[in-house]
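Below: one structure, written as C-alpha cells.
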Amino acid sequence: MTDLLETLPDTPARALRPAEILIVDDTPGSLQLLNDLLTGAGYVVRVASEARMALRSARARPPELILLDVRMPGMDGYELCQHLKAEAATRDVPVIFLSALRETGDKVRGFALGAVDYIGKPFQPEEVLARVRTHVQLYRLQTRLEEQVEQRTEQLRVSARQLREKRQRLQELTAFLQSVREDERTSIARELHDELGQALTALRIDVGWLRKHCAPLGSAVVERADAAHALVDNTVHALRRISEGLRPGMLDVLGLCAALEHLAGQFGERSGIACHFSADRDEYALPDKGAITAFRVVQEALTNVARHAAARRVDINLSAAGERLRISVRDDGCGFDAESPRQGFGLLGMRERVLMLGGEITIDGSAGTTVVVSLPMTTGETA
C-alpha cells in the first residue's frame, strides 16, 4: 500500500502529516484507551462522547477516519453514520464501527450504511492499529487519485477549450483566404474576359479578313492563314473555359443549376466520362457564398473523378430537404478509403468550405465514390 502511494506524483501536504482520526464513544474508558493507543502511534486524535457532538465536529473539519461506537444514548452509531454519508463534506470519510455486537445482521447493517470495517469489543490494540493504518492509507490513496483525476480532467478541459479556439481561428483564417481567393479569381477572370478576350476577338476578325484576301498569294499562304485562324479560335475557346473555371459568369447571371448543368456538359466533353445533371427545382435560394461553395464542391469532385476514379459515369443531383440543399456527386469508379488520414488538400478544402457555412459533408468511397453535401438555404422557397 505504501509503495502504491509513493508512485503517485505531486504528493500533497496531507500525506506528509499525521492522519486526523475522530473517535466517537460514550464509554470514557474505551474512549481514553483508543485515544492513548492512536496518539502513541502518531495520529492526531479528536474525541466525542456523543453522536451530535461528533456530527458537528465532522462537519466543521472532516477527519480522515472515524471510529464509531454503535450503542450510544440518543442518536446511535447507525443513525450518525447515515447523517455522515448523506452530507457531501463527510460522505467519503471512512467509518469503522466499534461494537460488542457479534451478530452477522449487525455487521451487515453497518456495511449497508457505508461503513468500511467492523472491530469487535473488547478489541486488540494490534488489530485496531492495523485496521486504522490500512483504511487511512486507502482513504489517502483514493483522495489523491481523485485529485489527480480532477487535475487531469481540468487539463483536458483547458486543452479542449484551446483546441476549439484554435479551430475557430483556423476557420476564420480559412474563410478569409477563401474569400481572397474567390475575389482574386473573379478579378483575373474579368481581366481575361475584358482585355485578353477582346484582343483575341479583334485578332480573330483580322485573321479572318486575311484569309479572304490571301488567295492570290498561293495555297501555302492560305493554309497558314487557315491554321492561324483555327489557332485563334481554339485560344478563344480555351480562354473562355479558363475564365469560367476561375469564376463562372453563368453562376452570377443564370444561377446555380444552370452553372452546374453547363459544368457537367463541359466535363463530359473534356473527359469522355458520361456526366448527368438533375435537380428537383429550377433554382435554390442560396446566399452568394452558398452558391459558390456548392459550385466549387461539385467542381472539385469532378476534378477528382477525372484524375483518380477511372469512372465511366458521374451523376450530379440537387434536391431540397426542408430548408437545406442536398448535393450528391456519385461516380462508378474504383473508390478509395474515405477514412484514410492521407487525404488530398482537395477533399480537405471541400470539408472546410462546407463546414464554414454550417453545412455537412459525407464522403463514401466503398463502391465508387459518393460525395453528399448539405447546405443551409436562406428560405424554403425557390429564389
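Numbering of residues begins at 1 and proceeds along the displayed sequence.
- In terms of heavy atoms, Leu84 sits closest to Thr90 at O-OG1, 2.7 Å.
- Between Gly290 and Leu357, the shortest heavy-atom contact is CA-CD1, 3.7 Å.
- Remark: Ser57 engages Leu22, Arg46 in a side-chain contact (heavy atoms from CB on, under 4.5 Å) (not counting sequence neighbours).
- Expressed to the nearest 0.5 Å, how far CD of Glu146 lies from OG1 of Thr153 amounts to 11.0 Å.
- Expressed to the nearest 0.5 Å, how far CG of Asp25 lies from CD of Glu50 amounts to 12.5 Å.
- Rounding to the nearest 0.5 Å gives a distance of 12.0 Å between CZ of Arg161 and CG of Leu156.
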*asked:* Before you tell me yes or no, could you show the steps for Leu55 and Leu80 under side chain to side chain contact (heavy atoms under 4.5 Å, CB included), namely the whole-Å CA-CA distance, both residues' side-chain angles and the distance that decides it to 0.1 Å?
replied: CA-CA 7 Å; Leu55 186 58; Leu80 174 57; 3.8 Å; yes

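- A search for side-chain contact (heavy atoms from CB on, under 4.5 Å) contacts involving Ala41 returns Tyr43, Leu129, not counting sequence neighbours.
- Side-chain polar atoms of Asp26 and Ser49 form no donor-acceptor pair below 3.5 angstrom.
- Note that CZ of Phe267 and CG of Leu302 are 5.0 Å apart. Values are rounded to the nearest 0.5 Å.
- The residues Arg61 and Glu20 are annotated as salt-bridged, a charged nitrogen and a carboxylate oxygen being separated by less than 4.0 angstrom.
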*Tell me, with the steps shown, if Arg91 and Glu87 meet side chain to side chain contact (heavy atoms under 4.5 Å, CB included).*
CA-CA 6 Å; Arg91 68 163 59 107; Glu87 299 188 14; over 6 Å; no

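- Across Cys81 and Ala115, no two heavy atoms sit closer than the pair SG-N, 4.5 Å.
- Here the rule is side-chain contact (heavy atoms from CB on, under 4.5 Å) with Phe277, and of Leu318, Val314, Val298 only Leu318 fits it.
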*Please report the C-alpha distance between Arg351 and Glu360 in whole Å, then the side-chain angles of each, then the deciding distance to 0.1 Å, and finally whether the salt bridge (Lys or Arg N to Asp or Glu O under 4.0 Å) criterion is met.*
CA-CA 8 Å; Arg351 292 182 188 277; Glu360 300 172 356; over 6 Å; no

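- Hydrophobic clustering, with ILVMFWY side chains joined whenever heavy atoms are under 4.5 angstrom apart, groups Val132 together with Ile119.
- Not one N or O on the side chain of Asp331 forms a donor-acceptor pair closer than 3.5 Å with the backbone of Ala311.
- Counting only distance, with no hydrogens or angles, the side chain of Asp226 and the backbone of Arg211 share no donor-acceptor pair below 3.5 Å.
- Between Phe97 and Tyr118, the angle of the ring planes lies from 30° to 60°, which puts this pair in the tilted group.
- For the pair Ile96 and Leu65, the minimum side-chain heavy-atom distance is below 4.5 Å.
- The side-chain heavy atoms of Leu31 and Thr27, taken from C-beta on, include no pair separated by under 4.5 Å.
- Look at Glu79 and Arg52 and you find no salt bridge, because none of the NZ, NE, NH1 or NH2 atoms lies under 4.0 Å from a carboxylate O.
- Between the side chain of Gln124 and the main chain of Glu127, no donor-acceptor pair closer than 3.5 Å is present.
- Looking at Glu147 and Gln151, their side chains never bring a donor and an acceptor atom within 3.5 Å of each other.
- Ile316 and Val372 fall into different hydrophobic clusters, defined by Ile, Leu, Val, Met, Phe, Trp and Tyr side-chain heavy atoms under 4.5 Å apart, directly or through other members.
- Contact check for Asp69 versus Ser30: no side-chain heavy atoms found under the 4.5 Å cut-off.
- The hydrophobic clustering, which links ILVMFWY residues whose side-chain heavy atoms are closer than 4.5 Å, places Met75 and Met72 together.
- In terms of hydrophobic clustering, with Ile, Leu, Val, Met, Phe, Trp and Tyr side chains grouped at heavy-atom distances under 4.5 Å, Trp209 and Val232 are assigned to different clusters.
- The two residues Cys257 and Ala279 have their closest heavy-atom pair at SG-CB, 4.1 Å.
- Hydrophobic clustering places Leu37 together with Ile23 (ILVMFWY residues linked when any side-chain heavy atoms are closer than 4.5 Å, directly or through intermediates).
- At least one side-chain heavy atom of Ile66 sits less than 4.5 Å from a side-chain heavy atom of Pro63.
- The shortest distance between side-chain heavy atoms of Asp76 and Val70 does not fall below 4.5 Å.
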*asked:* Under the criterion side chain to side chain contact (heavy atoms under 4.5 Å, CB included), I'd like the reasoning laid out for Leu67 against Val24: C-alpha separation, chi angles, the key distance, then a yes or no.
replied: CA-CA 6 Å; Leu67 296 179; Val24 188; over 6 Å; no

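- Ion pairing between Asp117 and Arg131 holds under the 4.0 Å rule for side-chain N and carboxylate O.
- Within the 3.5 Å criterion, the main-chain N or O of Gln299 finds a donor-acceptor partner in the side chain of Thr303.
- A 4.5 Å side-chain heavy-atom check between Asp92 and Thr143 finds every atom pair outside the cut-off.
- Two residues are said to be in side-chain contact when any heavy atoms from C-beta on lie closer than 4.5 Å; Leu138 and His135 meet this criterion.
- Side-chain contact between Leu98 and Leu34 is present, with at least one heavy-atom pair separated by less than 4.5 Å.
- Nearest heavy atoms, Gly42 versus Pro18: O-CB, 3.1 Å.
- Of the possible donor and acceptor atoms, one in the side chain of Ser271 sits under 3.5 Å from a partner among the backbone N and O of Ile273.
- The NZ atom of Lys166 sits 13.0 Å away from the CZ atom of Arg164 when rounded to the nearest 0.5 Å.
- A distance of 11.0 Å separates NZ in Lys289 from CZ in Arg353, rounded to the nearest 0.5 Å.
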*Applying side-chain hydrogen bond (donor to acceptor under 3.5 Å, both in side chains), run through Asn317 and Ser328 and close with a yes or a no.*
CA-CA 5 Å; Asn317 176 261; Ser328 170; 5.8 Å; no

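- Residues satisfying the side-chain contact (heavy atoms from CB on, under 4.5 Å) test with Ala294, not counting sequence neighbours, are Leu256, Ile327, Leu375.
- Side-chain atoms of Tyr139 do not come within 3.5 Å of backbone N or O of Thr134 as any donor-acceptor pair.
- Nearest heavy-atom pair across Arg324 and Ser374 is NE-OG, 2.6 Å.
- Checking Ser319 against Asp280 by side-chain atom types alone, no donor-acceptor pair falls below 3.5 Å.
- Remark: side-chain polar atoms of Lys85 are paired, donor with acceptor, to backbone N or O of Val93 under 3.5 angstrom.
- At distances below 3.5 Å, at least one donor-acceptor pair connects side-chain atoms of Asp332 with backbone N or O atoms of Arg313.
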